[in-house]
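Residue numbering restarts at 1 for every chain, and letters A, B, ... go by the order of the sequence lines. Here the structure is a predicted model, which means the values were calculated and not measured.
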Number of protein chains: 4
Amino acid sequence: MVNPWLDSDMRIDPLEERYVEVRARTERLAAPLSVEDQLVQSMPDTSPTKWHRAHTTWFFAEFVLGADGTSGRVWDRPEYRFLFNSYYDAVGARHPRPDRGLVTRPALAEVAEYRAHVDKAMLDVFGGPSNGALDVVELGTHHEEQHQELLLIDIKHVLAMNPAVGPAYADIVVAPSADPGPLGWVEVSGGLVEVGRTATVGGDFMFDNEGPAHEVRVYDVALADRLVTAGEWLAFIDDGGYRRPELWKSDGWYRALEEGWSAPLYWRRNPDDPSNWWIHTLTGIRPLDPHEPVVHVSHFEADAYATWAGARLPTEFEWEHAARDIPVRGCCLDEQDPGFTYHPTAAGPSTVGSGSGGSGSGGSGCGGLRQIYGDCWEWTSSAYQPYPGFRPAEGAIGEYNGKFMSGQQVLRGGGALTPPGHVRATYRNFFHPHTRWHLAGVRLARDAEAHR
Amino acid sequence: MVNPWLDSDMRIDPLEERYVEVRARTERLAAPLSVEDQLVQSMPDTSPTKWHRAHTTWFFAEFVLGADGTSGRVWDRPEYRFLFNSYYDAVGARHPRPDRGLVTRPALAEVAEYRAHVDKAMLDVFGGPSNGALDVVELGTHHEEQHQELLLIDIKHVLAMNPAVGPAYADIVVAPSADPGPLGWVEVSGGLVEVGRTATVGGDFMFDNEGPAHEVRVYDVALADRLVTAGEWLAFIDDGGYRRPELWKSDGWYRALEEGWSAPLYWRRNPDDPSNWWIHTLTGIRPLDPHEPVVHVSHFEADAYATWAGARLPTEFEWEHAARDIPVRGCCLDEQDPGFTYHPTAAGPSTVGSGSGGSGSGGSGCGGLRQIYGDCWEWTSSAYQPYPGFRPAEGAIGEYNGKFMSGQQVLRGGGALTPPGHVRATYRNFFHPHTRWHLAGVRLARDAEAHR
Amino acid sequence: MVNPWLDSDMRIDPLEERYVEVRARTERLAAPLSVEDQLVQSMPDTSPTKWHRAHTTWFFAEFVLGADGTSGRVWDRPEYRFLFNSYYDAVGARHPRPDRGLVTRPALAEVAEYRAHVDKAMLDVFGGPSNGALDVVELGTHHEEQHQELLLIDIKHVLAMNPAVGPAYADIVVAPSADPGPLGWVEVSGGLVEVGRTATVGGDFMFDNEGPAHEVRVYDVALADRLVTAGEWLAFIDDGGYRRPELWKSDGWYRALEEGWSAPLYWRRNPDDPSNWWIHTLTGIRPLDPHEPVVHVSHFEADAYATWAGARLPTEFEWEHAARDIPVRGCCLDEQDPGFTYHPTAAGPSTVGSGSGGSGSGGSGCGGLRQIYGDCWEWTSSAYQPYPGFRPAEGAIGEYNGKFMSGQQVLRGGGALTPPGHVRATYRNFFHPHTRWHLAGVRLARDAEAHR
Amino acid sequence: MVNPWLDSDMRIDPLEERYVEVRARTERLAAPLSVEDQLVQSMPDTSPTKWHRAHTTWFFAEFVLGADGTSGRVWDRPEYRFLFNSYYDAVGARHPRPDRGLVTRPALAEVAEYRAHVDKAMLDVFGGPSNGALDVVELGTHHEEQHQELLLIDIKHVLAMNPAVGPAYADIVVAPSADPGPLGWVEVSGGLVEVGRTATVGGDFMFDNEGPAHEVRVYDVALADRLVTAGEWLAFIDDGGYRRPELWKSDGWYRALEEGWSAPLYWRRNPDDPSNWWIHTLTGIRPLDPHEPVVHVSHFEADAYATWAGARLPTEFEWEHAARDIPVRGCCLDEQDPGFTYHPTAAGPSTVGSGSGGSGSGGSGCGGLRQIYGDCWEWTSSAYQPYPGFRPAEGAIGEYNGKFMSGQQVLRGGGALTPPGHVRATYRNFFHPHTRWHLAGVRLARDAEAHR
């Protein structure tokens, strides 16, 4: 990829190339959306596309270009610092989150100028003397990748709130999937295993919440060899899954009652035939495909499903231990492929036998685990907590991860809307257990025989 | 004015001319606003400009073009009936009011097409055989005038929520006003007087809530000869008006506490000099002018102020009786005047002496009452209730006024954002007593001497 | 009745006699209730029996015994002024209304001592020199009568919230009623009529909100000759009355949806036979009697019913004008009668023909109007507003009525729980239009022929 | 202790003795409270004393006496099953938790009869053939001990809501404490350690959430040698602890803003001298003692304090590993000691040096750790989650612990209101992180040197 602001094709360093690519992808993702689509905030948890585009830019303006206290000089509209700060309390007051959809001024066109202006100013950073700022630049690109995924799940929610029938982000016709076959189990041997990573100078990028590397005692476990499907979830619904409190955690049961849950978010019964389900996706409304993974379920629903199925959710360490040696491949964001569906796809054919006697081997190996990376994020049973020895960075950047380590649940593995190369075995995503608008699904786990 | 859709300058009838003028004004009022400005709903009480433009058009599509049950053929997007119905329950389900700001699709450009399309189809109505539909057309133009005022007070609220400093609807520099002088009083003789009007065939337009004409017993009263000013309101604030429950109605006191009122809506203390007040207006933020009428106060505040001032609010019949013979002139909407300020203006010089011994005469005459029409709507002490013999029209049109006759308070006289020719002595506006975003102010009243 | 605190049977003046009787009735009404029953507050609108007993006592302690600023010496627990003030903001801070059920200390026994102590101290007032305090004593007795009715409707709500089956305040078996026959209409001639009363020295007691006497223009009207019955209300329910927005005022419709109304408060369908209704009363749960008046409906429901029935509610002046010459007799509180049912009773036989051709005559006469006084309060179409020339009293007592003149609706006529002698033609009761826990029902009105 | 229902002093088995003792303690704890005190529910989280007394009895009636499906025969009031079920959804519908304070009937006296009746019926269980029921009896006694602590923290909240000055549960004058000296640190060596217990036949009682025993990898850690004191907390307040978002977890910060926290629950500034603090306790309101442990803080506050202090909270496994070999002794519930203060007491003299160089030894030993058991529960950094291999029991009893394993935080060590003998090293208490009405305080932890 070529930097469009450079006059010649002089070599650019890998970070600059990465910067240019990431910034360009954000613009590509916003391109199909109208000025109006990009303005709306459909609930407090979501943010407008316009805000995502401005906020990711503000990150570089504030923490890279303005790191020397000159952020005011980067762009002569002081209110940008107030409007497009997300949650960095150390930076100062910020605009109330639920009001992000009221910001008609600056206009979207001005935000586009802001992006271009900051991108231009960033050239000097790459051209300048190497210093600590480049670490922040790298962080900023990973940060922007996270917002690319948020942009897509947020606009999905916005379009779902639009009462006109079937608004689609992308006009793609999605073909029915092949049956992935019955669920199989892969046994993973436990022990005292290492998880997480410790940051090293010159090492690959990692978020602070992935470290330090440390040991945990993991017990033998069997993991399902694929994600739970929509068809399997229908059996849960038909068996009264949403009406049986004994399957649910207490907090989850009350939340389900309060919000009237009776199916995953975005599922709708056909009013003319209630046995028939439709699903709202980024490619519009279409019949539910029983073979695709269930997605847009809360942690509470995932946990209740697992209980109903005689299983449980894996811990984040069971997951990481099993995934560690599996190559990071899978269905992830590929907006330049015209056939890309913006949705998880059905698992391919099984490579292990079905039933609990699966022959997979754990630790190094784990052959047979399908859909570990991509398709959808997998809820784990682990609360999001700091690792032993975790220290947030100093200053505002230190607010990045640490302050959310309360009340949230870890998800692993990435999904169909995760930018390519963004996820890895140690990557920890997190959401509150009641949330459903992000791309989360379910992999089952069971204690291994010896332990049962 | 010439109908732009006609090929020649053939004569058009007055109703058609009125239709064309009203429709054109709506477009002029929306013109300064960006696509984004027109989308936003800043609170449940307000509606987006886009919605106002579509809804006023839907009124003609539904009740005129579609009166024979063919509304579906007028415009081939069935969701418009769902999206742009305001509160006509007889028409069918409608979009939840607080979600009007989420409608990114149809786009604003499509709504503009819808307006043009319906305007074109309306030509046939005017050219066709005269029938009852023309009454509904006339109603529709007055309905649209009401939405013109709503459009302006709603966008004022939207811009006030925008955190950037000083967004203005119109770039006008407003000059300070001259002192209107001390408040005078005009005595109005009572008796058994006629109020309201009874609809007649071929008579001037009236809303159903203005009739039937009937008698009420009005007592002698003294009315203030002008509106309460911002400067007078400051004295109320400084005297603890917002902290003294004995001045307030019970419901008002609790609402004031709950919402933290300490000044009219849109007033802000200068953070560097708390004795100094600023005001958000449609021409941006500027210093408060002590001579301009106070506006954006709730009925509760108006009533508390009147109690503090040793007075009370007038009843709607006292007001109407005093106003009956006063020509309808005053500061009203004039968006084609480049110097128009979109705000009430200070009263001109007094024509009566000050103090309670004012020499005005009531009933026919009432000389000396300034600002009766225009500037701002005047809260009355009258609850909005049906007149004796009131009957709502049959069908959905019957929902126009009658169903709001509970819990609301009558306002009289029109304001600076009311389209010219819209208001009259019998005109009854109504809002809930806690509302503040519309252009309401205060005229005081006192029982006449004999009655005290 | 003999004053129990007097050693001999020396003559006592009528006000003292009245004081003693009223105070004794409060104690009789509380007697069937346990210590626990008397403590509970079942919703913010209601108050505990214990609180009613203390608050009515505090009224005399504060405004009579403590009128000279010595209220602190009456009872040496200063927190009583804070706990048992209802809404007299001029007296000082008071306990938050919704927390009245948390006051376990002082204990009920101490409140009983407080009552006895204040009653004893009041003897000196009666024995002392006649002065203005006696007016306040008289007001205090009428005030306590109002709280007697509140005590009963509040404990009814408390017992209805108790999940055990059928808790009754009084163990009475209620016999089915006779059919009152079809609804008849009584025409009442209008004109310029006098309503209200003006207070005179030595005159009968009146509340300030009943005056001054003044003229209003009333039009000819036909009033239903009895209250709407439970059986007639069932027809409204069966005809979809609670599901048809066109019958409702807008505020009412949204309140009904929000609170899920589908029948009057305290009505329950028999789970085994949904066509069969039961009703919770002060004598326990029993089958609904179709001939008894419907009661515990909000103003919104009453208004919707009237619209459904092709009628409307009367104004408070139509009601007062028709009732003026009717003797004050009817079903009211009679707790010393062992057969008293604490509930409205069916109308007796009609004395006018049915249909709109009723032969009653208005103004002086109105023969044929049944149930004008007693049974249940009748919602009127009139908002509660001050009469021309109304002035609240000075000081805290002035808060008695005036500050509630916003957002409430007038009811007339008294009910089965109103103490005998309490009500009269000019008496104005008032509640917010959504309230249902008090004893309110419906009398229909129609414009007279000439006016229709 | 002698069973009062037995005619002779024949030997009773230890479980029966335990049953009799536990049941008697509940009655002793309720004895100082009036009928009114025992009825009130001051917020949804708390329950009335009356409810605690009935619910703990219902537990035996339902799960022991009625285990054969005959619970209806135990007590002939079927509504008891509805009213006094806490959260066992498998048993059937139950009374809404926030309405527990409305249950005036059954009366408290009837609940006392119910207790006596069930206690009598339980004699047959003890006399009968040994069977599985005895396990449930044992569980029931531990369950009742938990409710004894809840009864006390709930009535503390009830009394705090009472507006009268200074209501006390017990009339005790509390003497000021001696200074416990500066905080010291005790290093605890980590490793692969065993935590939890596995239930064994005939073994000591344990709750299901304490098992199974399993290994965890614990790192070297330094634990504070005593609890944080009220005086130390004052320094946190004075340093802006409640106003500095950088010290707080994100969820905690918003909760603190929403609820307006500026000090621990039950602390009040002296209005006449804001530097002076008072505290509401079960012995009434008294000056805050700077040497007593801070208590009634949420997990969010505990965590913010630790961050401010340059430390963190311990994990539940660090705590358990350090506590394992420490004898269970400390300030716990002792209602029969007339000098018992119902409040945590200041730590005794330190046995280690101050500063981070403390010389304590970890694992087996941990000499120098004061206040490990008793005084107050200690918030840990661990989310409440199931141990590897955890299985809830079958049936309603299985709802005891497992369904709360979401969104809650583990506390360890017991407190001043915990019945003697109730707590142990493996005992896991849990509350939502925002809760403050229970007796929770703070012990700090720091990573050991090598790890830092």
Side-chain angles (χ1 to χ4, degrees), chain B residues 87-90 97 190 192-195 212 214-221 244-255 299-300 303 307 312 315 318 381-392 395-396 398-399 402-409 432-434 447-448 450-452, chain C residues 87-90 97 190 192-195 212 214-221 244-255 299-300 303 307 312 315 318 381-392 395-396 398-399 402-409 432-434 447-448 450-452:
Chain B
Y87 54 76
Y88 298 86
D89 291 299
R97 177 164 191 149
L192 189 65
V193 305
E194 185 172 290
V195 296
H214 65 288
E215 295 172 339
V216 294
R217 175 64 169 97
V218 167
Y219 284 88
D220 297 350
V221 65
R244 292 168 52 187
E246 72 272 18
L247 300 174
W248 293 69
K249 292 283 188 293
S250 183
D251 283 7
W253 179 245
Y254 291 107
R255 177 69 76 152
H299 181 264
F300 293 134
D303 181 80
T307 300
R312 60 172 173 82
T315 69
E318 290 168 343
S381 66
S382 300
Y384 180 47
Q385 299 188 147
Y387 286 171
F390 171 74
R391 291 276 180 292
E399 298 185 38
K403 75 179 184 183
F404 299 108
M405 290 174 173
S406 177
Q408 311 213 31
Q409 210 69 20
H432 282 101
H434 66 274
D447 297 345
H451 208 78
R452 271 175 277 171
Chain C
Y87 54 77
Y88 299 87
D89 292 299
R97 177 163 190 148
L192 190 64
V193 306
E194 184 172 291
V195 295
H214 65 288
E215 293 172 338
V216 295
R217 174 65 170 96
V218 167
Y219 285 88
D220 297 350
V221 65
R244 292 167 52 186
E246 72 272 19
L247 301 174
W248 293 68
K249 292 284 189 292
S250 182
D251 283 6
W253 178 246
Y254 291 107
R255 176 70 75 153
H299 181 264
F300 294 135
D303 180 80
T307 300
R312 60 173 174 80
T315 69
E318 289 168 344
S381 67
S382 301
Y384 180 46
Q385 299 187 148
Y387 286 170
F390 170 75
R391 290 274 180 293
E399 299 185 38
K403 75 179 185 182
F404 299 107
M405 291 176 174
S406 178
Q408 311 213 30
Q409 211 69 20
H432 282 101
H434 66 273
D447 297 346
H451 208 78
R452 269 173 277 173

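- With a 4.5 angstrom heavy-atom cutoff, B/Tyr384 does not touch chain C via any of its atoms.
- The shortest side-chain heavy-atom distance between C/Arg391 and B/Asp447 falls under the 4.5 Å cut-off.
- For B/Lys403 against C/Trp248, the heavy-atom pair with the smallest separation is CB-O, 3.9 Å.
- Here the closest heavy-atom approach between residue B/Lys249 and residue C/Met405 is recorded as CE-O, 3.2 Å.
- When all heavy atoms are compared, the tightest approach of B/Arg217 to C/Leu192 is CB-CD1, 3.9 Å.
- B/Gln385 touches chain C through its side chain: at least one heavy atom from C-beta onward sits under 4.5 Å away, while N, CA, C and O do not.
- Rounded to the nearest 0.5 Å, atoms CZ (C/Phe390) and CZ (B/Arg312) are 12.5 Å apart.
- Residues B/Asp251 and C/His432 have side chains in contact (heavy-atom distance under 4.5 Å, counting atoms from C-beta outward).
- Here the CZ atom belonging to B/Arg255 is positioned 11.0 Å from the OG atom belonging to C/Ser406, to the nearest 0.5 angstrom.
- With a threshold of 4.5 angstrom between heavy atoms, B/Ser381 approaches chain C through N, CA, C or O but not through any side-chain atom.
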